Structures are given as structure tokens and as C-alpha cells.
> 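What follows is a structure written as C-alpha cells; I'll ask about it next.
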Amino acid sequence: MTPRDASDDSSDLPEGNRWSDLERPPLNVASLRRALVRDGGLWTSLDVVPTTGSTNTDLAARADELPEGAVLVAEEQSSGRGRLDRRWSAPARSGLFFSVLLKPGAAVPVERWGWLPLLTGVAVATGLSRAAGVDTALKWPNDLLVTVGGEERKAGGILAERAGSGSGAGGGVVVGVGINVTLREDELPVPGAGSLALAGAASTDRDTVLRAVLRSLEQWYGDWRTAEGDPLASRLQETYAAGCATLGRKVRAELPGDRSITGEAVAVDGDGRLVLATEDGVQEPVGAGDVVHLRGA
């Protein structure tokens, strides 16, 4: 089914009235398209749907037929997914829930595609700083952290998945982003969650924030692709490290196979892996896993 704009049919929204919460107006899809979809730019289409299970799942299903740069936004997600297949949901129009289709192709070696979720984190943090006036830290590999009342809280996350039937450089990647924008304290899904509003954002206008984030992502992705995915030449590695709240902290990395490593996070290497210095004096890179911060910064 072809996605429709959120403005196409207000009866599709759960409340029956898309303006039922005046503090959470719907996205202006026509304005977003005018601002972001242009000849020669990365973003080739932008669709907004009232509700869906997962924008990543929906966009991945159409990866073969869509060109690079397709953007799918949902006003509400009922089955949003994070890493390790964690599920989450949020009230309609309380955040930004979107996925983008990227196809680096032969311009970037496939072994460097693992930088895409980290690149997206840098781009989102940059966009939020510009549009919302909120300092966002990055928890390796895919969490967005804000400060609420002096406490570090998760306000968003990123999930990158291979998509399309092509193998190697012939395939693509769907990158999903979820950002809590106006979520109130009594709406937080879990302890430790936060939102831009709770972090004292100067603006919680979702149109403004989405434009800034997508423009930032277009710039960072373009520079990275021009540099053939080289994290040094594109300045991605140093910028990610500068904004990474995990570095310099004692952490526990919970790895596949019920294995864990504890140590100080000392670096993000050229492959985007987190390097832990263990008590045994060994520096061990971690390429996949769930990281728990064990002490404050």
C-alpha cells in the first residue's frame, strides 16, 4: 500500500481528530517536502503516515523499488523496534519516528557501512543542537542522551538494518530514528527515559526539528560518501568520539552468547567498534553488544 500523508485523512488518527491535542499538531508534510525534497539532493521522497507498526519494516519492504533517499515518517508507531528487538511505543505526535533508505553502493566499501548508525547519531545530535538548543550526548552504539534535572536520560535511539534483495554493495540500509520530543514525565515508558521538552528544549516544533535533523544527516552522509566511507577523512570518527558519553567511563558490554566484558571505554576504532581496556591490561574491541554505563561521567 502506498503511504499517504498525515493530512490526507484525519479520521485515520486514533483520536478521530488530528487536532485533538493542540500541543501536538500534526506534521506539515507539504512544507517538509518543499524544504527537503529537491533536485540534486539526497532526499527523493517524503511520506507521512498517521500510524504504523514500524517505519523500518515498512520502508525495508519497499527497498528494491524505491530510490535512495526515501523518507518515511509516522505520527505514531505501535511496534517500534530498537536494538536486540526491544519494543517501544509513544503517544501519537509526541515524538519523531522516521526511517530513511540509504544506498551507498560501490562508492563506499561494504565493510565501512557499519559506521552508518554512528554517523546518524552525530547528525541527529547536530540537528537537535541547532533546532532545539539541546545538547545531546551519544551512548555507543545507538542511544541519544539528554540531561534532565542533572540526570542523564535516553531521549532517542537509532536502528540500522540491511534492506533490499541485492547482495554486497548492491543492497541498501534502512536507518530508523526515534526521538522523544514532547513526552511528559507521566508518559515516560521506562525509568531513565527523557524527552527534548523535559530537557528544556528551546523549541519542540517537530517540523523544525525534523528539517534540521534531515539536513544534518544529508550533509554528514554526503561528506562520508565523498570520502569513500573513511571515518578519518570525513571527520566522522573524531566528531563521534567528541560527543560520545560512553568514552572515559567504566562500562559492561553484554555480548552475544551470554558473555560480558567490563572495562573502561577508551576509544572508538576505525571500524566503529568500542575499545574497552580491561583490568587484565587487554584492549578489546566490541563490535556488537549492549553497553551499560557503570558510573557517572
Side-chain angles (χ1 to χ4, degrees), residues 3 27 32 36 42-43 45-49 51-60 63 68-90 92-102 113-132 134 136-146 153-163 172-183 189 193-196 199 201 204-221 224 236 240 243:
L27 293 166
L32 288 169
L36 296 166
L42 173 62
W43 309 122
S45 66
L46 189 149
D47 291 294
V48 179
V49 295
T51 184
T52 190
S54 163
T55 55
N56 259 31
T57 299
D58 293 349
L59 198 56
E68 179 177 51
V71 181
L72 178 61
V73 190
E75 295 282 28
E76 181 180 27
Q77 277 197 139
S78 59
S79 302
R81 292 180 296 116
R83 289 186 65 253
L84 307 179
D85 206 32
R86 294 191 177 105
R87 304 283 165 164
W88 56 269
S89 61
R93 306 186 303 284
S94 65
L96 288 170
F97 321 110
F98 66 95
S99 297
V100 302
L101 176 62
L102 302 175
W113 290 18
W115 274 98
L116 282 172
L118 307 185
L119 181 155
T120 302
V122 169
V124 171
T126 303
L128 292 180
S129 176
R130 292 172 179 168
V134 171
T136 307
L138 303 169
K139 178 187 172 189
W140 188 92
N142 71 327
D143 288 348
L144 307 167
L145 306 178
V146 296
R153 298 196 191 180
K154 178 179 175 178
I158 296 160
L159 179 66
E161 302 176 289
R162 290 295 299 266
V173 178
V174 169
V175 183
V177 178
I179 305 169
N180 296 334
V181 179
T182 61
L183 215 61
S195 68
L196 301 187
T204 56
D205 184 314
R206 292 185 307 136
D207 286 86
T208 300
V209 173
L210 182 58
R211 284 198 301 270
V213 167
L214 287 176
R215 284 170 175 159
S216 179
L217 181 52
E218 180 175 16
Q219 178 183 349
W220 275 104
Y221 179 73
W224 176 77
L236 175 58
Y240 184 87

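Small disclaimer: the values here were computed from a predicted structure and weren't measured. All residue numbers in this chain count up from 1 along the given sequence.
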> For the atom pair CG (L138) and CG (D143), what is the distance rounded to the nearest 0.5 Å?
9.5 Å
> Partners of D207 by side-chain hydrogen bond (donor to acceptor under 3.5 Å, both in side chains), sequence neighbours excluded?
none
> Measuring from L72:CG to F97:CZ, what's the distance to the nearest 0.5 Å?
13.0 Å
> Quick one, L96 with L27, criterion side-chain contact (heavy atoms from CB on, under 4.5 Å). Give me CA distance, side-chain angles, the key distance, then yes/no.
CA-CA 10 Å; L96 288 170; L27 293 166; 4.2 Å; yes
> If I compare all heavy atoms of L236 with all of W224, which pair ends up nearest, and what's the gap?
CD2-CD1, 3.9 Å
> Under the rule for side-chain contact (heavy atoms from CB on, under 4.5 Å), what residues qualify as partners of R153, not counting sequence neighbours?
V148, E151, E185, L188, L198
> After noting the C-alpha distance and the side-chain angles of K139 and K154, does the key distance pass the side-chain contact (heavy atoms from CB on, under 4.5 Å) rule?
CA-CA 9 Å; K139 178 187 172 189; K154 178 179 175 178; over 6 Å; no
> Quick one: closest heavy-atom pair of L101 and L59, and the distance?
N-CD2, 3.7 Å
> Check for a donor-acceptor pair, side chain of R206 on one end and backbone N or O of G95 on the other, with a separation under 3.5 Å.
yes
> Measuring from T182:OG1 to D205:CG, what's the distance to the nearest 0.5 Å?
11.0 Å
> For a quick test of reading the model, state the closest non-hydrogen atom pair linking V213 to F98 and the distance between them.
CG1-CZ, 3.9 Å
> Give a yes or no answer on whether the side chain of N56 reaches the backbone of E161 with a donor-acceptor pair at less than 3.5 Å.
no
> Considering non-hydrogen atoms only, spot the tightest contact between L183 and P189 and give its length.
CD2-CD, 3.8 Å
> For the atom pair OG1 (T136) and CG (L196), what is the distance rounded to the nearest 0.5 Å?
7.0 Å
> Quick one: side chains of residues 123-132, donor-acceptor pairs under 3.5 Å with protein atoms, not counting sequence neighbours, listed by atom name and distance.
from	atom 1	to	atom 2	distance (Å)
T126	OG1	V122	O	2.8

> Applying the side chain to side chain contact (heavy atoms under 4.5 Å, CB included) criterion to V71, which one of V100, L217, L210 satisfies it?
V100
> Before giving the answer on side-chain contact (heavy atoms from CB on, under 4.5 Å), spell out for T51 and E75 the whole-Å C-alpha distance, their side-chain angles and the decisive distance to 0.1 Å.
CA-CA 6 Å; T51 184; E75 295 282 28; over 6 Å; no
> So, for S99 and G176, which heavy atoms are closest and what is the spacing to 0.1 Å?
OG-CA, 3.6 Å
> For residues Q77 and A74, report the shortest heavy-atom separation together with the two atoms involved.
CG-CB, 4.1 Å
> Rounded to the nearest 0.5 Å, how far apart are OG1 of T120 and CG of L102?
7.0 Å
> Nearest 0.5 angstrom please: L214 CG to L42 CG, how far?
9.0 Å
> So, the side chain of N180 versus the backbone of S195: is there a donor-acceptor pair under 3.5 Å, distance only?
no
